[in-house]
Amino acid sequence: MKSEESPKLELKREITEGLKKEIITFANTDGGEILIGIEDDGTVVGLANAQNDLETVSNILRDSIKPDVLVHTSAEILKNDGTKWKK
């Protein structure tokens with residue numbers, strides 16, 4: 001993957017407290033994507049426990065952001081086979 005951060009794309013190596021701020025920023029603008037498990041330079045580092053991280057993101061969306069943005073978001077696990085991303 002060779003992506004760069006932009007106003008519509010945020011790359012995160014891991015889930016941090018700053019993730020909530022990024023979600024709120026996108027919710028208050030034109031939206032965007034946050035990809036977790038990817039360095040700022042686009043290098044895929046992956047996640048040790050993607051299912052657990054997905055649950056953490058879902059909990060942040062459901063419990064930590066008011067008003068509720070869950071209905072306007074989606075979270076999914078993508079797998080990279082080296083040539084393409086797939087669900």
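When reading the values below, keep in mind they use all heavy atoms of this one structure, side chains included, and skip hydrogens, waters and symmetry mates. If you're wondering where the values come from, they're calculated on a predicted model, not measured in any experiment.
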Run the numbers on K20 and I65 for side chain to side chain contact (heavy atoms under 4.5 Å, CB included), then give the verdict. CA-CA 8 Å; K20 186 178 356 177; I65 301 173; 3.8 Å; yes
Can E76 and L78 be said to form a side chain to side chain contact (heavy atoms under 4.5 Å, CB included), step by step? CA-CA 6 Å; E76 61 188 342; L78 300 176; 4.1 Å; yes
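No donor-acceptor pair under 3.5 Å is formed between the side chain of E10 and the backbone N or O of I34.
Annotation: side-chain hydrogen bond (donor to acceptor under 3.5 Å, both in side chains) contacts of E39 (sequence neighbours excluded): R13. Considering only residues two or more places apart in sequence or on other chains, N49 meets the side-chain contact (heavy atoms from CB on, under 4.5 Å) condition with Q51, N52.
Under the 4.5 Å side-chain heavy-atom criterion for ILVMFWY residues, a single connected hydrophobic cluster contains both I60 and F26. Under a hydrophobic clustering in which Ile, Leu, Val, Met, Phe, Trp and Tyr are joined whenever their side-chain heavy atoms come within less than 4.5 Å, directly or via other members, L47 and L11 fall into different clusters. Linking ILVMFWY side-chain heavy atoms closer than 4.5 Å, directly or via other members, places L61 and L35 in two distinct hydrophobic clusters. One hydrophobic cluster holds both L70 and I36 under the rule that ILVMFWY side chains link at heavy-atom gaps under 4.5 Å.
The structure places OG1 of T16 at 8.0 Å from CD of E22, a figure rounded to the nearest 0.5 Å. Between the CG atom in L54 and the CD1 atom in I77 there is a gap of 5.0 Å [rounded to 0.5 Å]. Interatomic distance, I24 CD1 to T29 OG1, rounded to the nearest 0.5 Å: 11.5 Å.
Applying the side chain to side chain donor-acceptor pair (under 3.5 Å) rule to pairs touching residues 53-64 yields N59-R62, sequence neighbours excluded.
T43 has its side chain out of reach of I38: every pair of non-hydrogen atoms, C-beta onward, lies at least 4.5 Å apart.
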